[in-house]
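To start, the structure itself, in structure tokens.
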Number of protein chains: 2
Amino acid sequence: MGTRAALLTGRLPVRNGFYTTNAHARNAYTPQEIVGGISPDEILLPELLKKKDYVSKIIGKWHLGHRTQYLPLKHGFDEWFGSPNCHFGPYNNSVCPNIPVYNNSEMKGRYYEEFEINVKTGESNLTQIYLKASLDFISQQAVAQRPFFLYWAPDATHAPVYASKRFLGKSQRGRYGDAMMELDDSIGQILAHLVSLGIHNKTLVFFTSDNGAAVMSGPLQSGSNGPFLCGKETTFEGGMREPAIAWWPGRIPAGTVSYQLGSVMDLFTTSLSVAGVLPPDDRVIDGLDLSPVLFNNSLLDRPIFYYRGNQLMAVRIGQYKAHYWTWSNSWEEFNKGINFCPGQEVPGVTTHTQEEHTMQPLIFHLGQDPGERYPISVESKEYRDVLRRVTAVVEQHQKDLIPGMPQLNMCDLAVMNWSPPGCEQLGKCLKAPESNPWKCDWPH
Amino acid sequence: MGTRAALLTGRLPVRNGFYTTNAHARNAYTPQEIVGGISPDEILLPELLKKKDYVSKIIGKWHLGHRTQYLPLKHGFDEWFGSPNCHFGPYNNSVCPNIPVYNNSEMKGRYYEEFEINVKTGESNLTQIYLKASLDFISQQAVAQRPFFLYWAPDATHAPVYASKRFLGKSQRGRYGDAMMELDDSIGQILAHLVSLGIHNKTLVFFTSDNGAAVMSGPLQSGSNGPFLCGKETTFEGGMREPAIAWWPGRIPAGTVSYQLGSVMDLFTTSLSVAGVLPPDDRVIDGLDLSPVLFNNSLLDRPIFYYRGNQLMAVRIGQYKAHYWTWSNSWEEFNKGINFCPGQEVPGVTTHTQEEHTMQPLIFHLGQDPGERYPISVESKEYRDVLRRVTAVVEQHQKDLIPGMPQLNMCDLAVMNWSPPGCEQLGKCLKAPESNPWKCDWPH
């Protein structure tokens, strides 16, 4: 997923390669047949933190490529417990293998096999397993008095949604609410653990998500995007805006609210700043150092660019968002019942054809109209003023842009997780089909 | 407005008369040409509180009828400062008079005249005036050590939205945000005043609204309904669900969240309970005593009935809501650009024709689907179970229902606020046209 690569590189997917040029304006994700992954030319956050002797661990979903050369321990992480892809399944291991779960560089089993998820009852202990791994890792670093970076990436709220027995049926929000309640409880345990170890005053904890609620999965497998338009897979606010909470007792006053426009890429730059490491100076870094925001509640003026593939769809500047292209999904998909904007329809905005508005972008004031429902009149002075500002920013951005080599263009059934390292000891190696690569056909 | 009559009588509009039987399934509000008002047979909250020597004052909008016999001091209030209707306008006083502002039983001026609202700049001191009146009233009762009921009903957030100079342009949310900020500041001042007078430990403060955001007014004149469907004028959640905050230091623990399904009618019964007064026993009271909810965080199981006129549109039981009729507004209005669900459309739900679903109501689980976007499949066991429960509740409700005499059926230009009491001293009496009553034609 482009978000995770952006988080770890501090760079837009169109720069770090996590995008496709197939079929103009398609979103990126990484199913098992993806040939590409994170480029060896990219420098990831844990590699940089090593300069200050940080130990880095990722727990949970990686999604930066599942072939051996792309895995976390090849890109700066010291430890890993989790999976390269989502927990989609169960598969029958003939047409498609189940997703492996790794401990460091070797698989320890597969989802739906050694790592059980009961799709019918929704029961799975995975969040508890990932929680325990995080508490153990934190304890070890605290005892050794080593600085650490823990990237805790559970995916229990991704369809098929699951929770452990203690949480199933406990929320007022169905299975999705149960999963959310378990995550909330887990984060509470992680924070309490930091406090009990006495390292809370030197630990920055940041909580956020990689996309808006997947409202196409219906209420039982997804959250709600509240007032925002559409959901995951779109460049409307429902797809792109997420809550973000920063915690650092003694440094960040509890209960502070910031109106800063942020991006997960900022976590790269902010983490480096907090660790006292300089970011790479040989490439464009899109992430901002949010330290002044976190510690002094400053407000930094910055644009945010919304892409699908290598197509700039929209730009946000302050409270304004200008859409250069609009697309929810295709008529073909929509007519099959796949709807990224269920219950929502803004004429001329939630379009099922890819609509270009480059000469006269649709502009919304997100403070007054968080739902992107009332485009500002093109005849107003406000529109002309905003367009002038946005145009200058976009022209500068496009002039400076050097796209990376696209990693999400080619697919091949042979590259799926048939025989991950470690499968021999477990007797769980599967036979891959012959290589037969094709240009990936992104459905949306 | 039916809500305000329901609040003060503890009874559904269909019982207390605040509804119409014209043109099946229309919402109720009270423009100046309305002939009716609150029936003399209804018993209002301040009348009952008198049994325990409460002094009652309403500050702001009344809306229970503007003809002399319907005004607050005829129905139990000891004092009034405010207006009988909304602050719509400005009018030219020939076709339509501006709305009068009363002090007790006499008008002191009119909106847009003595009580200025600058529609162009959005500036008005009215909220400050209403705030000062409330602080003065509270001080007087505290000094006299008399129990009091203050019904503070400002309407600054109703279009045309206004704020005073200190707040204009101060929010990030346009003029509506400015008005909201001023209301928030005012409520803060009222609470601080109670504390400074040392009566906060014996005062229950309840904050709520009479309908969801009027999203048809666009973002500059209305709030957002967040995840909820449609807005004011509809029986979807966006029209009916509002925030509610109760404050009573020492009795209600700060920060408590309740999942109780409440209604403004409960404020009637709860206020009586808190004051130690029994509700009338000669009529059906729909309001519940929320004391156990407020003081012990209990949960009371109760249905809520959603009406338009005398038509039962929907019923809520627990987390479920069943729609017996759906209607957003007419095609005729919609085609003129009046839209109560801007940006939202749920096929078969947000209908522009009045659709009956009595034999197979649309059922939503509002916990999992607050936006009423995913009707529960009629073929599921869940649907059948819920329908059985809802049907029993509705049948009982309809069996016991005795509708009141409808007050909102007749209109007449002669009854408008031409010559309110007190107009003579001010020289502000206007000449009414001849009486020519008609059956009100409700637009939605």
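Nothing here was measured: the structure is a model prediction, and the numbers come from that model. Order of the sequence lines fixes the chain letters, A, B, ..., with proteins taken first and strands second; residue numbering starts at 1 for each chain.
Not counting sequence neighbours, B/Tyr374 has no partner by the ring pair (Phe, Tyr, Trp, His ring centres under 6.0 Å) test. Remark: B/Ser328 engages B/His352 in a side-chain hydrogen bond (donor to acceptor under 3.5 Å, both in side chains) (not counting sequence neighbours).
Counted within 6.0 Å of NZ on B/Lys165, heavy atoms from surrounding residues, nucleotides or ligands total 12 or fewer; the atom is thus considered open.
In this structure, chain A has a heavy atom under 4.5 Å from the side chain of B/Tyr259, while its backbone stays farther away. At a 4.5 Å heavy-atom cutoff, the contact between B/Leu220 and chain A is made by side-chain atoms alone. Looking at B/Gln319, the atoms closer than 4.5 Å to chain A (heavy atoms on both sides) all sit in the side chain, from C-beta outward. Of the two parts of B/Val215, the backbone and the side chain both hold a non-hydrogen atom closer than 4.5 Å to a non-hydrogen atom of chain A.
In this structure, A/His365 and B/Gln172 approach most closely via the heavy-atom pair CE1-O, 3.9 Å.
When each of A/Gly223, A/Gly371, A/Gly218 is scored by its heavy-atom pairs under 4.5 Å with chain B, the top score falls to A/Gly218. Contact tally against chain B (heavy-atom pairs below 4.5 Å) for A/Pro342, A/Pro219, A/Ser224, A/Ser171: the top residue is A/Pro219.
Separating the SG atom in B/Cys341 from the CZ atom in A/Arg373 is a distance of 9.5 Å, to the nearest 0.5 Å. Rounded to the nearest 0.5 Å, atoms CG (B/Asp369) and CZ (A/Arg173) are 8.0 Å apart.
Within residues 332-339 of chain A, no residue has any heavy atom under 4.5 Å from a heavy atom of chain B.
Annotation: side-chain hydrogen bond (donor to acceptor under 3.5 Å, both in side chains) contacts involving residues 214-223 of chain B, sequence neighbours excluded, are absent.
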